[in-house]
**Student:** 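Here's a structure for you.
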Amino acid sequence: MNEIDWIGSLGVFQILLAYTLNVSGKLERGSMIYKLLNLFGASLACLASVLMNYIPFIVLEGVWAFVSLVSLFRRKE
């Protein structure tokens with residue numbers, strides 16, 4: 001594996017970890033850790049996609065990271 005593969009793999013691992021912990025009931029969807037795992041995971045996966053110049057996943061992971069970032073600043077109602 002090269003450096004891009006490691007960056008992308010770490011990002012995908014973080015996203016999948018957040019999902020697995022949420023589905024198993026160990027992490028709430030609204031928790032700070034869940035949001036941060038998604039933000040950093042999507043950001044790393046997006047970076048790897050940029051380095052590979054793979055536009056579809058740049059869009060996917062970029063939007064995922066952006067939505068995660070916005071969710072950090074939204075107030076609970």
Side-chain angles (χ1 to χ4, degrees):
M1 281 183 31
N2 61 34
E3 293 166 345
I4 296 171
D5 293 331
W6 281 107
I7 293 168
S9 295
L10 180 59
V12 169
F13 172 77
Q14 290 179 345
I15 293 169
L16 292 175
L17 178 63
Y19 176 74
T20 302
L21 290 173
N22 176 254
V23 170
S24 66
K26 297 182 192 259
L27 193 60
E28 291 290 324
R29 187 176 57 137
S31 74
M32 182 71 71
I33 293 174
Y34 179 82
K35 293 175 183 182
L36 288 172
L37 281 170
N38 273 290
L39 173 61
F40 290 123
S43 296
L44 287 173
C46 185
L47 173 61
S49 299
V50 167
L51 294 171
M52 292 186 306
N53 196 31
Y54 192 62
I55 303 300
F57 278 93
I58 293 171
V59 173
L60 173 69
E61 300 301 343
V63 170
W64 194 311
F66 178 74
V67 170
S68 298
L69 181 63
V70 168
S71 75
L72 283 171
F73 294 104
R74 280 189 22 211
R75 292 192 301 193
K76 283 189 173 183
E77 297 184 33

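Atom set for the values below is all heavy atoms of this structure, side chains included, hydrogens, waters and symmetry mates excluded. We're numbering straight along the sequence, starting at 1.
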**Student:** To the nearest 0.5 Å, tell me how far Leu17 CG sits from Leu37 CG.
**Tutor:**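 If I round to the nearest 0.5 Å, the distance is 5.5 Å.
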**Student:** Quick one: side-chain contact (heavy atoms from CB on, under 4.5 Å) partners of Tyr34, sequence neighbours excluded?
**Tutor:**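 Expected list: Ala18, Asn22, Leu27, Arg29, Ser31, Asn38.
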**Student:** Report yes if the side chains of Glu3 and Leu51 come closer than 4.5 Å at any heavy-atom pair, otherwise no.
**Tutor:**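 Side-chain contact under 4.5 Å: no.
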**Student:** Looking only at heavy atoms, what is the nearest atom pair of Ala65 and Leu39, with distance?
**Tutor:**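 The answer is O-CD1, 3.3 Å.
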**Student:** Could you give the distance from CD1 (Ile55) to CG (Leu60), rounded to the nearest 0.5 Å?
**Tutor:**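 It is 13.0 Å, given to the nearest 0.5 Å.
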**Student:** Look up atom CZ in Phe57 and atom CH2 in Trp64, then write down how far apart they are to the nearest 0.5 Å.
**Tutor:**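 Separation between the atoms: 10.5 Å.
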**Student:** Which pair of non-hydrogen atoms, one from Lys35 and one from Gly30, has the smallest distance, and what is that distance?
**Tutor:**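 What the structure gives for the nearest pair is CE-O, 3.5 Å.
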**Student:** How long is the straight-line distance from CG of Leu44 back to CG of Leu10, given to the nearest 0.5 Å?
**Tutor:**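 Reported to 0.5 Å precision, the distance equals 5.5 Å.
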**Student:** Measuring from Leu69:CG to Arg74:CZ, what's the distance to the nearest 0.5 Å?
**Tutor:**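 Reported to 0.5 Å precision, the distance equals 12.5 Å.
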**Student:** Is it the case that more than 12 heavy atoms not belonging to Ile33 sit under 6.0 Å from its CD1 atom?
**Tutor:**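 Not more than 12 within 6.0 Å, no.
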**Student:** Which heavy atom in Ser9 sits nearest to a heavy atom in Met1, and how many Å separate them?
**Tutor:**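 Closest approach of Ser9 to Met1: OG-CE, 3.7 Å.
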**Student:** Do Val63 and Ile15 belong to the same hydrophobic cluster, where Ile, Leu, Val, Met, Phe, Trp and Tyr are linked whenever their side-chain heavy atoms lie under 4.5 Å apart, directly or via other members?
**Tutor:**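 As far as the 4.5 Å side-chain criterion goes, Ile15 and Val63 are not connected within one cluster.
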**Student:** Is a donor on one side and an acceptor on the other found under 3.5 Å between the side chain of Ser43 and the backbone of Phe40?
**Tutor:**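 Between the backbone of Phe40 and the side chain of Ser43 there is no qualifying donor-acceptor contact (under 3.5 Å).
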**Student:** Nearest 0.5 Å, please: how far is CG in Leu47 from CD in Glu61?
**Tutor:**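 If I round to the nearest 0.5 Å, the distance is 11.5 Å.
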